[in-house]
Amino acid sequence: MMRLGVIADDFTGATDIAGFLVANGLRTVQLNGVPPADLQVQADAVVISLKSRSCPVEDAVSQSLASLDWLRARGCPQFFFKYCSTFDSTPRGNIGPVTDALLDALGEDFTVICPVLPVNGRTIYNGYLFVNGVPLEESGMRHHPVTPMTDSNLMRLMDAQSRGKTGNVPSTIMDEGPEAVRAALADLRARGFRYAVLDALNDAHLVVMGQAVSEMKLVTGGSGLADGMARAWAGTADAAAAAAEGRPAKGRAVVISGSCSQMTNAQVAAYRDAAPSLAVSVERCMSDPAYADELADWVLAQPRNGLAPLVYATMPPEKVKELQDRYGAAEVSEAVEGVFGRLAKRLEEAGFDQFIVAGGETSGVVTQSLGIGGFHIGPQIAPGVPWVRAVGRPLSLALKSGNFGQERFFFEAQDLAA
Ligand SMILES: Nc1ncnc2c1ncn2[C@@H]1O[C@H](COP(=O)(O)OP(=O)(O)O)[C@@H](O)[C@H]1O
Ligand SMILES: O=C(O)[C@@H](O)C(=O)COP(=O)(O)O
């Protein structure tokens with residue numbers, strides 16, 4: 001019986017949370033896009049991955065509601081709206097409007113906001129979000145090409161894009177345990193708050209909040225919250241068995257990097273001197289319809305043995321800004337994503353069956369272009385980045401959130417698949 005239905009606002013976010021559910025022994029399937037009405041799935045958890053983080057608000061709301069309907073029609077008892085652990089959004093949304101729409105559809109008037117993942121340095125203190133010890137607004141996220149984050153106060157961020165008021169359950173209450181957290185939530189709700197930011201500084205807080213929200217119909221946040229919830233259920237569940245179907249087969253691999261995050265810049269720098277690598281020209285993405293074919297030809301010409309070839313649009317923030325000022329941010333993103341989507345398709349047709357992709361939007365476009373309906377979730381390469389295997393097709397992917405993994409991530413992904 002399904003225990004949890006997750007609606008994730010991007011593809012790497014979806015594999016991130018699915019990886020943590022599997023690591024706690026829950027049999028989990030990831031479905032890409034709103035699933036067809038006649039699809040039946042046997043799993044403890046279903047994660048629906050949308051590409052709704054930066055699309056128009058109305059589209060994000062309607063896709064999220066359609067996903068909710070699909071899950072409810074299968075008797076799902078609890079729902080999780082997964083967004084980025086760096087709260088990627090703008091004052092227009094889409095986190096606030098989607099949360100409001102899900103609450104309304106479920107007839108609920110209260111939920112939690114918790115974009116937390118301590119193992120990857122995402123902590124919340126007094127409602128302020130920290131990334132590896134610095135406030136969100138001082139982290140690399142202030143330069144994000146699509147959703148630059150220039151405030152760290154989650155109450156203020158949520159209030160600006162939603163219909164209600166946001167309160168906070170501080171870490172001192174987390175220290176007291178699940179009963180104290182439940183009481184604090186009930187108190188905030190009675191005082192007219194619609195959302196509560198949950199502080200979390202460490203794994204112990206995840207376990208506490210996982211127990212405290214067990215009766216809540218809708219929760220929202222990052223994979224740390226899901227990890228806490230899954231730990232509360234896990235018991236003797238077998239994590240290796242849950243990951244078995246997602247293990248990567250040995251194959252021909254390529255690395256495609258469209259993320260410009262600090263961590264991806266470091267990962268590309270660590271990999272590019274050791275492996276065949278090619279920097280993408282953004283200008284040609286915008287002007288040359290045959291460019292993806294040229295990139296594919298280059299990949300195909302690389303030696304089959306040894307490290308996978310890397311094609312990357314990854315650049316440091318100042319270069320990204322220069323290009324965006326010249327051509328427009330949305331235009332550049334669309335052009336680069338289009339080229340990566342076509343490149344992936346060409347490579348699959350040519351026999352590539354392992355795609356290591358950096359960047360959430362980039363992963364979304366690659367998955368869509370390959371026409372993959374769903375994934376079995378495999379073992380984690382790094383916290384939040386599992387190998388995944390296409391349902392019914394011999395294709396394995398590692399979809400890396402821009403900020404996740406350590407410097408040698410591209411090497412480690414291939415080591416785990418060997
Ligand atoms: N050199 C570049 N200049 C501007 N934008 C770029 C460049 N390279 C990639 N992009 C775009 O930036 C966005 C990065 O987003 P994404 O793939 O989600 O990465 P992340 O996970 O780091 O957020 C994509 O839309 C991508 O096409
Ligand atoms: O919660 C997270 O940080 C990730 O799961 C996530 O959402 C990834 O988004 P991108 O950074 O856009 O890859």
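As a basis for the values below, the full set of heavy atoms in this structure was taken, side chains included, without hydrogen atoms, waters or symmetry mates. What you see is a predicted model, and the numbers here were worked out from it, not measured in a lab. Counting starts at 1 for both ligands and their atoms, following the listed order.
Distance check, rounded to the nearest 0.5 Å: OG1 of Thr111 to CG of Leu218 gives 4.0 Å.
Every atom of ligand 1 with a heavy atom of Val336 under 4.0 Å away is listed here by number and element: 9 (C), 27 (O). In the vicinity of Ser85, heavy-atom distances shorter than 4.0 Å reach the ligand 2 atoms 1 (O), 2 (C), 3 (O). Near Lys82, meaning under 4.0 Å from any of its heavy atoms, are these atoms of ligand 2: 1 (O), 2 (C), 4 (C), 5 (O), 6 (C), 7 (O). Each of the atoms 20 (P), 21 (O), 22 (O) of ligand 1 lies under 4.0 Å from some heavy atom of Gly402. Each of the following atoms of ligand 2 lies closer than 4.0 Å to a heavy atom of Gly402: 10 (P), 11 (O), 13 (O).
Donor-acceptor pairing under 3.5 Å is recorded for the side chains of Tyr195 and Asp100. For the residue pair Ser396 / Gln354, no side-chain donor-acceptor distance below 3.5 Å is found, with atom types taken as modelled.
Among all protein heavy atoms, the one lying closest to atom 5 (N) of ligand 1 is Val332 CG1, 3.6 Å. If you check which protein heavy atom lies closest to atom 17 (O) of ligand 1, you get Thr362 OG1, 2.7 Å. Given atom 23 (O) of ligand 1, the protein heavy atom at minimum distance is His144 NE2, 2.7 Å. Protein heavy atom nearest atom 24 (C) of ligand 1, with residue, atom name and distance: Glu337 OE2, 3.6 Å. Closest protein heavy atom to atom 2 (C) of ligand 1: Ala313 O, 3.8 Å. Nearest protein heavy-atom neighbour of atom 12 (O) of ligand 1: Pro145 CG, 3.6 Å. Atom 11 (O) of ligand 2 has Ser401 OG, 3.2 Å as its closest protein atom, hydrogens excluded (heavy atom only). Summary of contacts: the protein heavy atom closest to atom 11 (C) of ligand 1 is Ser333 OG, 3.7 Å. Counting protein heavy atoms only, atom 6 (C) of ligand 2 is closest to Cys84 SG, 3.5 Å. The shortest contact between atom 9 (O) of ligand 2 and any protein heavy atom is with Arg53 NH1, 2.8 Å. Nearest to atom 6 (C) of ligand 1 among the protein's heavy atoms is Cys260 SG, 4.0 Å.
Nearest heavy atoms, Met158 versus Ile95: SD-CG2, 4.3 Å. Minimum heavy-atom separation, Thr147 to Met141: O-CE, 4.0 Å.
Among Cys84, Gly258, Ala279, Ser401, the residue whose heavy atom sits closest to atom 9 (C) of ligand 1 is Gly258.
Of the candidates Leu343, Val339, Leu347, Val255, Leu343 is the only one forming a side-chain contact (heavy atoms from CB on, under 4.5 Å) with Val311.
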task: Start with the C-alpha gap between Ile124 and Val197, add the side-chain angles, then the distance that decides, and say whether side-chain contact (heavy atoms from CB on, under 4.5 Å) holds.
output: CA-CA 8 Å; Ile124 302 175; Val197 173; 3.8 Å; yes
message: One pair to check against side chain to side chain donor-acceptor pair (under 3.5 Å): Tyr125 and Asp199. What are the steps and the verdict?
response: CA-CA 5 Å; Tyr125 182 66; Asp199 275 11; over 6 Å; no
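The number of heavy-atom neighbours closer than 6.0 Å to CZ of Arg408, taken from other residues, nucleotides and ligands shown, is 12 or below. Around CD of Gln406, the count of heavy atoms belonging to other residues, nucleotides or ligands within 6.0 Å does not exceed 12. Around CD of Gln302, the count of heavy atoms belonging to other residues, nucleotides or ligands within 6.0 Å exceeds 12.
Residue Phe404 has no N or O atom closer than 3.5 Å to an N or O atom of ligand 2. The N/O atoms of Gln324, backbone and side chain alike, include none that comes under 3.5 Å of an N/O atom in ligand 1. Between His144 and ligand 2, no pair of N/O atoms sits closer than 3.5 Å. Checking only distances, Gly359 never comes within under 3.5 Å of ligand 2, N or O to N or O. Looking at ligand 1, you won't find any N or O of Ala358 less than 3.5 Å from one of its N or O atoms. Considering backbone and side-chain N/O of Thr12, one or more are found under 3.5 Å from N/O of ligand 2. Distances between N or O atoms of Ser259 and those of ligand 1 include at least one value under 3.5 Å. Residue contacts with ligand 2: Asp16 is placed with a nitrogen or oxygen under 3.5 Å of a nitrogen or oxygen of the ligand (distance criterion only). In terms of polar-atom proximity, Val282 is not counted as a contact of ligand 1, lacking any N or O under 3.5 Å from an N or O of the ligand.
Arg122 is listed as a side-chain neighbour of Asn403, based on a closest heavy-atom distance under 4.5 Å. Side-chain contact between Met216 and Val112 is present, with at least one heavy-atom pair separated by less than 4.5 Å.
Between Glu294 and Arg284 a salt bridge is recorded (basic side-chain N to carboxylate O distance below 4.0 Å).
Contacts of Leu117 with ligand 2, taken as heavy-atom pairs under 4.0 Å, are absent altogether. Within the 4.0 Å heavy-atom criterion, the part of Met315 lying near ligand 1 is the side chain and not the backbone.
Phe81 has its ring centre less than 6.0 Å from the ring centre of Tyr83. For Phe411 and Tyr271, the ring centers are positioned less than 6.0 Å apart.
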